[in-house]
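For reference, the structure discussed in these notes is given below.
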Amino acid sequence: MKLQHKFILTAIIAGIGFNSCSTKKDAFLNRNWHALNTKYNTLYNGNIAFDEGRETLNASYQDDYWEVLPIERLEVSGEIKLDSEDNNPNFIIAEEKATKAIQKHSMDIKDVERNPQTDEAFLLLGKARYFDERYIPALEAFNYILKKYPASDKLAEARIWREKVNIRLENEDLAIKNLKNLMKYDKLKDQEYADARAMMAQAYINLNAPDTAIQHLKTASYYTKKNPERGRYYYIIGQLYNQIGHKDSANYAFDKIIDLNRKSPRVYMINAHLQKIHNTELTSENKEELLEYLTDLEENRENRPFLDKIYRQIAEYHLETESDSLAIVYFNKSLRKTENKPKLNALNYENLAEYNFDQNLYKNSGAYYDSVLTNLGENTKKYRATKKKLDNLEDVIKYEDVVHYADSVITIYDMPKDKQIAYYENHVDELKKAKEEAQKKAKEKITDGFAAFGESKGGKENKGNFYFYNITSLGYGKNDFKNKWGTRTLEDNWRWSNKSTTAAITNALAENSLESKENITEEDKFSVDFYMGQIPTDVTIIDSLKAGRNFANYQLGLIYKEKFKENLLAVEKLEGVLKSNPEERLVLPSKYNLYKIYEEEGSPLAESMKQNIIDNHGDSRYAEILLNPEAVISGNLDSPDARYNTLYKKYKNQEFLQVITEAEANISRYTGDPIVPKFEMLKANAIGRLQGFEDFKEALNYVALTYPNNPEGKKAEQMVAEQLPKLKEKVFSSETESTGTGNWKVVFPFKRNNNDAALVLKELLEKSIKDLKYRNIVSKDIYNLEDQFVVVHGFKSKDFALGYAELLKNNKDYKVANENFVILSSNYKITQVHKNLEEYKKSLITPKP
């Protein structure tokens, strides 16, 4: 009987369970069964995954405190996604759980949802998609709640999340309209009201209406129950007040953050302190107070994670108080403390670059600007501006090195011999002292390293062991390595902390160091006689150095004037050129540029310089400009551009010798004008066409090295790297292997002084092509200074080419008996590039085995 009762009871329970599992029956048991399963099973796990995803985002997200913070901490890629791809796995799990809850437990009976938890499943689904940046699917989920569940207690929350999506989709006006209606017609909880106001603020921030955004954020900060949010809202309020120039109001907002203390994340409080200091005008009265304020922030142990920003603020304080050395120390301290903050790094490096530039330490400045670039995004305005500065600095560095080296050598050359000896004796003494000091420090490091590690637990436990098995020795080795090299990644060239500077340093040493001119021994390094032997004795070398120095100073004057707007530096360089007995070609452009600077600065020297140019260079283009600028502007026939265009036409007509000579004349005439690199490039191409590969290579290298930051210089550098290696090949193709294939030419050689006969033959050949209905092309090609070719191009095989030449010879209408030869196109190109036609002819006589 008992067994029968158990069976009946089991059957009843099973029946009840089966019936309650149905999603099609609107019964009390069914509704609660599915509600409980939804809430405490699928949604519970989904919400856990969602919260973990939010925590992951918050941990990885880095706020940019130099820009107005977004209301919501969410890193956005900017892409509109429709499907989940490479996203946070926690949000994928949350979406899967929400979907499962909807699919298995939704009770849509007669178009009415009977499971009171289904709206929460859709809300979780929308939020998971939102944080996956899949805004369109998220919008669908939130809209479904609003349409399907009019009695849901989640309607207000769903509306707020929907407007978040609209803001992400840049529909700010629609979001503002919907949020206003929500606050007007719905009764919201305090936190919901705060969230709605915060989203209104974000929409107005996006629409560049900071005044309105501030009012909404003030309301949101009052109603929110979450102190982290309150701290963030106060900070954004302060930023917005700074944006519109109300620093006192901004400081009031920052004080509210500071008053929250530990209730809000410390990062907001520290940045609020720093913003307050930044907003405070430095005066003699508050100077000491501000320094004490900063020192307190620095020394507070709780602020250690934020020392990078605190050090930077201290550096800016010292920079403003003209304590430059202390400022540099703190900028460097900030850099050493900075981790994964590229914008902070970029700002610190930029300060160091500007300081070094002001001190005329151009190499250091260039290295710092290079570091700025590595911390900026490539497609930003800041990156492009910094890149332009760095490009200009590369020229400055190059020319300043030339000036420095020339001045050093010339100064020593001009000394009496006894002073030269005394100079190098002093230099050798300093080297010896430096060596002794380095040895002493190295010895102290070794002793300190052994002593420190010997007192440690590992050192005491491993005394007497040998080498790698001895922890003391091993520990000392690691310690000594770190002392010498710091932290290094296991890789090639590990000794260089900045690989990008390696090549620059090597080149600088190779070009400017006396010692690098030969492999000097340790004995030579400390020998006065060695250095005395390096002093030039030939006056032509000194004259060459002086000429190079004058040209470099002239180029520096132009760079400082045109690119850096540093008129004082430009005047110093250009006046230095005129005082140094320069070449004639530098005199007039130096005077003219000085006149323009004097005129810009309102100096009385402008008029006297103008008169100097008119009196001493009356027939020059510069004098013409000064006397009648309007006529020069209207008459462009003799302008640099017009001259270049004329010369370019001559290049196209293969008048290469004229191009070379006239380009040289124009380069001299327009020294300092931006047109000069174009003339240089045209000249290089003409040299290549007339004189061959080696001369072309030399000319291209000259353009690349002399004008590295001009478009022509960059083009020349690209040609040297990419085109010259392809043109370098001098091995002729085997014509036996190419018989029946390829592109062949018939070539008729002429001397350049027999140009009339060449033109007559060219005309006759063109007639023959037309008469015979061939599709070949005839050209007259310059080979070198003495020779030229009339060429018929485009024969499919050698036999066709030979047949055409034979036809011309025998046909009574043409009777062309001129010397000619047949050549494969690739071999013709080699002969034109390397001017090695004789080698080609010999290769035909003696075929390769």
Side-chain angles (χ1 to χ4, degrees), residues 395 399 403 543 546-650 658-683 703 706-707 710 712:
D395 276 348
Y399 290 123
V403 172
D543 290 341
K546 288 179 178 178
R549 179 185 62 184
N550 286 336
F551 180 76
N553 274 327
Y554 173 74
Q555 293 291 344
L556 286 167
L558 293 187
I559 292 169
Y560 290 140
K561 170 180 175 281
E562 302 293 340
K563 297 180 178 179
F564 291 116
K565 309 301 178 186
E566 293 281 353
N567 283 345
L568 289 178
L569 284 173
V571 166
E572 179 188 343
K573 294 296 180 182
L574 293 172
E575 287 181 346
V577 171
L578 294 178
K579 291 175 183 176
S580 303
N581 191 28
E583 297 175 65
E584 187 61 33
R585 69 190 184 107
L586 297 179
V587 174
L588 183 54
S590 294
K591 288 182 177 180
Y592 181 75
N593 281 291
L594 279 171
Y595 160 73
K596 297 298 290 182
I597 295 172
Y598 293 152
E599 184 182 44
E600 185 180 333
E601 295 293 328
S603 170
L605 294 171
E607 191 59 37
S608 61
M609 185 59 74
K610 177 181 178 181
Q611 199 60 45
N612 183 305
I613 294 170
I614 294 169
D615 292 344
N616 298 314
H617 312 276
D619 59 347
S620 68
R621 179 170 173 268
Y622 293 107
E624 188 181 353
I625 292 171
L626 294 176
L627 288 169
N628 194 2
E630 292 182 4
V632 172
I633 292 169
S634 60
N636 287 323
L637 295 177
D638 197 35
S639 68
D641 287 326
R643 283 174 174 262
Y644 176 81
N645 291 333
T646 301
L647 207 55
Y648 184 73
K649 288 177 183 176
K650 290 185 178 181
Q658 281 183 274
V659 170
I660 294 168
T661 54
E662 289 183 31
E664 287 176 346
N666 283 307
I667 289 165
S668 179
R669 176 184 176 91
Y670 298 116
T671 299
D673 195 288
I675 198 74
V676 169
K678 295 183 75 172
F679 280 117
E680 290 279 15
M681 192 65 173
L682 189 62
K683 174 186 166 186
V703 177
T706 308
Y707 309 101
N710 289 85
E712 289 73 23

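Small disclaimer: the values here were computed from a predicted structure and weren't measured. Nothing fancy with the numbering, it's 1 onward along the sequence.
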Student check: side-chain heavy atoms of [X] and [Y] closer than 4.5 Å:
X    : Y    : result
H617 : V587 : yes
R643 : F679 : yes
Y399 : F551 : yes

Mind listing the closest non-hydrogen atom pair of [X] and [Y] along with its distance?
X    : Y    : answer
G618 : A623 : O-CB, 3.6 Å
I613 : L588 : CG2-CD1, 3.8 Å
E599 : A606 : N-CB, 3.7 Å
A552 : V403 : CB-CG2, 3.7 Å
V703 : E680 : CG2-O, 3.9 Å
A570 : G557 : CB-O, 3.4 Å

Not counting sequence neighbours, which residues clear salt bridge (charged side-chain N to carboxylate O under 4.0 Å, His left out) with E607? List them please.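 Partners of E607 by the salt bridge (charged side-chain N to carboxylate O under 4.0 Å, His left out) criterion come out as none, since no residue qualifies.
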Report the C-alpha distance between T646 and E662 in whole Å, list the side-chain angles of each, state the deciding distance to 0.1 Å, and finish with yes or no for side-chain contact (heavy atoms from CB on, under 4.5 Å). CA-CA 10 Å; T646 301; E662 289 183 31; 5.7 Å; no
Output the distance between atom [atom1] ([X]) and atom [atom2] ([Y]), rounded to the nearest 0.5 Å.
X    : Y    : atom1 : atom2 : result
L586 : Q555 : CG    : CD    : 8.5 Å
Y595 : E600 : OH    : CD    : 12.0 Å
E575 : I597 : CD    : CD1   : 9.0 Å
L558 : N553 : CG    : CG    : 11.0 Å
L556 : E566 : CG    : CD    : 12.5 Å
K596 : L574 : NZ    : CG    : 14.0 Å

Determine whether more than 12 heavy atoms belonging to other residues, nucleotides or ligands lie under 6.0 Å from atom CG of N581.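 No, CG of N581 has 12 or fewer neighbouring heavy atoms, counting only those of other groups under 6.0 Å.
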Write out all pairs satisfying ring-ring contact (aromatic ring centres under 6.0 Å, His included) with one or both partners inside residues 560-583, taking only residues at least two apart or from two chains. F357-F564
Are any side-chain N or O atoms of N612 and backbone N or O atoms of S608, one a donor and one an acceptor, separated by less than 3.5 Å? no
Go through Y648 and L682 one step at a time and tell me if the side-chain contact (heavy atoms from CB on, under 4.5 Å) criterion holds. CA-CA 7 Å; Y648 184 73; L682 189 62; 3.7 Å; yes
